[in-house]
Amino acid sequence: MAKPCLDCDRPCAGTRCEACRLARSRARDRPTARQRGYTTEHERNRAAVLGASTVCWLCGHDGADQADDVIPKSKGGTSAVSNLRPAHGTRPCGTCGVRCNQVRGNADATPPAPPSR
């Protein structure tokens, strides 16, 4: 069932029509992932880290799906394997329900206390 686009009121399947979605995407000032340093080297090292363990370094539960930068790239971190740790991000943790990497953001390198639930 078509709903009105949030920006232009044209009928669309989602929250915004394709034209408005693309316009919003282009209007963002955020650099692309490649521009932020997520290169082929990062992808290789991410696969190596997640291949070795999927236990999140932030909450201690299994099922991590991202490689978190211990020292964030925005604070001088690199894509080296020694700077990457498994973390929940795209999918929330199956145990505590937190997207640990997103909650941490670019905070300092010490992991936050596990969420209380």
Side-chain angles (χ1 to χ4, degrees):
M1 181 168 187
K3 297 180 284 186
C5 171
L6 293 177
D7 294 335
C8 68
D9 290 328
R10 285 184 284 216
C12 63
T15 56
R16 289 187 171 77
C17 68
E18 185 67 10
C20 290
R21 188 188 64 75
L22 289 173
R24 287 176 62 88
S25 178
R26 284 190 297 267
R28 290 187 189 143
D29 289 334
R30 184 175 185 180
T32 67
R34 293 276 181 230
Q35 291 168 335
R36 293 190 323 265
Y38 297 99
T39 60
T40 304
E41 175 194 8
H42 176 83
E43 292 302 318
R44 268 194 310 269
N45 292 343
R46 173 192 177 276
V49 166
L50 293 176
S53 174
T54 58
V55 175
C56 179
W57 81 292
L58 299 168
C59 72
H61 301 133
D62 193 29
D65 61 342
Q66 288 185 349
D68 182 29
D69 298 315
V70 176
I71 300 171
K73 288 193 180 6
S74 63
K75 294 184 177 182
T78 66
S79 290
V81 172
S82 61
N83 189 46
L84 299 176
R85 301 287 183 277
H88 295 102
T90 306
R91 294 185 314 267
C93 173
T95 305
C96 62
V98 176
R99 287 183 171 94
C100 303
N101 198 6
Q102 274 67 24
V103 169
R104 178 174 174 257
N106 72 340
D108 289 338
T110 55
S116 58
R117 285 202 177 204

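It should be emphasised that the depicted structure is a prediction, and the values quoted were computed from it without experimental measurement.
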Determine the minimum heavy-atom distance between [X] and [Y], stating which atoms define it.
X	Y	value
Pro72	Ala107	CG-O, 3.7 Å
Pro4	Asp9	CB-O, 3.9 Å
Ser53	Pro86	O-CG, 3.5 Å

* Derivation and outcome, side-chain contact (heavy atoms from CB on, under 4.5 Å), residues Gln66 and Thr90 -> CA-CA 7 Å; Gln66 288 185 349; Thr90 306; 3.2 Å; yes

What I'd like to find out is whether the side chain of [X] reaches to under 4.5 Å of the side chain of [Y], using heavy atoms alone.
X	Y	result
Arg99	Arg91	no
Pro11	Lys3	no
Trp57	Val70	yes

Q.
Set out, in order, the CA-CA distance, both residues' side-chain angles and the distance that settles side-chain contact (heavy atoms from CB on, under 4.5 Å) for Val49 and Val81, then state yes or no.
A. CA-CA 7 Å; Val49 166; Val81 172; 4.0 Å; yes

- prompt: Would a distance-only check, ignoring hydrogens and angles, find a side-chain to backbone donor-acceptor pair under 3.5 Å from Asn45 to Ser79?
  reply: yes

- Item | Donor-acceptor contact present, side-chain Glu43 to main-chain Thr40, <3.5 Å | no

When rounded to the nearest 0.5 angstrom, what is the spacing between [atom1] in [X] and [atom2] in [Y]?
X	Y	atom1	atom2	result
Cys93	Asn101	SG	CG	13.0 Å
Arg16	Arg24	CZ	CZ	3.5 Å
Cys20	Arg10	SG	CZ	5.0 Å
Asp62	Thr54	CG	OG1	3.5 Å
Arg46	Glu41	CZ	CD	14.5 Å
His88	Cys56	NE2	SG	5.0 Å

Looking only at side chains, do Asn106 and Ser74 share a donor and an acceptor under 3.5 Å apart? yes

Between the side chains of Glu18 and Arg21, is the shortest nitrogen-to-carboxylate-oxygen separation below 4.0 Å, so that they form an ion pair? yes

So the salt bridge (Lys or Arg N to Asp or Glu O under 4.0 Å) pairs with at least one residue in residues 67-89 (sequence neighbours excluded) are Asp68-Arg104, Asp69-Lys73, Lys75-Asp108

